[in-house]
Protein chains: 2
Amino acid sequence: MDVKLMPHATSVKILDAAESSFAEHGFAATSLRDITTKAGVNLASVNYHFGSKEALLASVLKRRFGPVNQARLALLTQLEADATQGPSVEGLIHALLAPVFQQRREWDDQGTKFLQLIGRLHGVPHTLVRSIMKTQFAEVFERFVPAFQRALPHLEAEEVALRIFFLMSALINAMTWSGSEILGSGQPCDADALLDALVQFGVAGMAAPSRQLAPVSR
Amino acid sequence: MDVKLMPHATSVKILDAAESSFAEHGFAATSLRDITTKAGVNLASVNYHFGSKEALLASVLKRRFGPVNQARLALLTQLEADATQGPSVEGLIHALLAPVFQQRREWDDQGTKFLQLIGRLHGVPHTLVRSIMKTQFAEVFERFVPAFQRALPHLEAEEVALRIFFLMSALINAMTWSGSEILGSGQPCDADALLDALVQFGVAGMAAPSRQLAPVSR
DNA sequence: GTCTATATGCGGATAGAC
DNA sequence: GTCTATCCGCATATAGAC
């Protein structure tokens, strides 16, 4: 039976506890003892089920990335079916951002922890982490870059990819900081307002003129 | 005599080594042994000069944040002196972004490490780190938010602050990933291209319509 | 200010009974 | 699959000579 369908299985309890602890304290600062204590399982069970601390991290990431990216691709497929001349920039950006917020609602508190973890890992230059991130995002990039190019024919693929990267950075860090108050503004802002603001910002940023056409005056 | 002016002082060697190691491996994963070995100084000197590992991190951050933010504020002052009706969005964004690239050139390899460190810390939800970040950015926000509002009168202060946060996130993560290849696009991109691309993206994003005026279609 | 030596505890991983 | 017990190394921090 699929482990994912057994919410009280030891391996699931370990994944949940690891996700929270890695998010709160970082990978290196979290001990297997922290994790097993929080999960209420035996210390040795981590190595039994996952083999090592690193392999545990990989499992934590794989469990969550799948559904988000599948939702993104499904929304893109839907958009392409609806508009024969290609999806709009707004639609594409919404397809890229909304699944994160949607999944977070379904995951509840655990999802918030996962997003914090991603925020952390996005800034980590380590080979292991980056290769996991790239692998997870590869298909999304492959399909979204051409779709954006169709909607924004003045941009080259590299520029589209770079802008998607900017947007994803803003998304990831916004998710990480939401709850605490954003720098400068006095109050924390709720998730829906954040999504709206990100879409506004992202649509304009993605559609900005190419730098060849409009050099910046200084 | 000011410690900063003595490049071969033990405390400076420790700061440099700590900056590099924290950036490469993270705060928790870096031991004081790593740092003192790299710096070529004695293990006990860290506690003598800085008191603790945490205080060492704070010192590392304070050393670099100052010059960047001073340069930002100086550029803003210059822009305000040049244009009596207020600086342009392009000018403001350039004033916000360029000092980072400028300082990195002056700092050379050490500066790159520092930027990697910031990329890491930006995703860390810990109280200590966040309070340092907020303190360092407070004055920049205080002066840039009203300046942006003058150039973009359709936006409220909260929206301006949020968009600056998005832009800073893109900046920080771009600096962290530059050198390695950005997700999706095949090749690493150099610093100047990155700055140009960020300015293009940021100008459009900052100037996007407010969400009240243009609700997103889905 | 700098060194050696060391106190004291926690880290990941595993062996082997049940 | 789960548990206890343990190996062995590395961590931060400090004491005290020089």
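Residue numbering restarts at 1 for every chain, and letters A, B, ... go by the order of the sequence lines.
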>> Checking B/Phe22 now: which residues fulfil ring pair (Phe, Tyr, Trp, His ring centres under 6.0 Å) with it, not counting sequence neighbours?
In response: B/Phe27
>> Looking only at the aromatic ring of each residue, does the gap between the centers of A/His122 and A/Phe165 stay below 6.0 angstrom?
In response: yes
>> I'd like to check the side-chain contact (heavy atoms from CB on, under 4.5 Å) partners of A/Leu152; sequence neighbours left out, ordered by chain and number.
In response: A/Val89, A/Phe148, A/His154, A/Leu155, A/Met206, A/Ala207
>> Please list all pairs meeting side chain to side chain donor-acceptor pair (under 3.5 Å) that have one or both residues in residues 38-53 of chain A, counting only residues at least two apart or in different chains.
In response: none
>> Short of 4.0 Å, heavy atom to strand atom, which residues of residues 22-39 of chain B count as contacting DNA chain D?
In response: B/Thr30, B/Ser31, B/Leu32, B/Arg33
>> Expressed as a whole number of angstroms, how long is the span from A/Asn47:CG to C/dA13:P?
In response: 5 Å
> Of all residues at least two apart in sequence or in a different chain, which pass the side-chain contact (heavy atoms from CB on, under 4.5 Å) check with A/Glu139?
Replying inline: A/Leu73
>> Expected output is a numbered-order residue list: members of residues 51-60 of chain A with a heavy atom under 4.0 Å from any atom of DNA chain D. What is it?
In response: none
> Which residue pairs satisfy the side chain to side chain donor-acceptor pair (under 3.5 Å) criterion with at least one member in residues 22-37 of chain A, sequence neighbours excluded?
Replying inline: A/Glu24-A/Lys113, A/Ser31-A/Asp34
>> Taking ring pair (Phe, Tyr, Trp, His ring centres under 6.0 Å) as the definition, give me every residue that meets it alongside A/Phe166, ordered by chain and number, with sequence neighbours left out.
In response: B/Phe201
> Who pairs with A/Ser169 by side chain to side chain donor-acceptor pair (under 3.5 Å), at least two apart in sequence or on another chain?
Replying inline: none
>> Please list all pairs meeting side chain to side chain donor-acceptor pair (under 3.5 Å) that have one or both residues in residues 69-79 of chain A, counting only residues at least two apart or in different chains.
In response: A/Asn69-A/Arg72, A/Thr77-A/Arg143, A/Gln78-A/Asp82
> What residues, two or more places apart in sequence or in another chain, satisfy ring pair (Phe, Tyr, Trp, His ring centres under 6.0 Å) together with A/Phe65?
Replying inline: A/Phe114, A/Phe137
>> Could you tell me the boundaries of the chain B footprint on DNA chain D, defined by atoms under 4.0 Å from its heavy atoms?
In response: D/dA11 to D/dT14
>> Pick the closest DNA chain D nucleotide for A/His49 and for A/Leu43 by heavy atoms, then say which residue is nearer the 5' end.
In response: A/His49
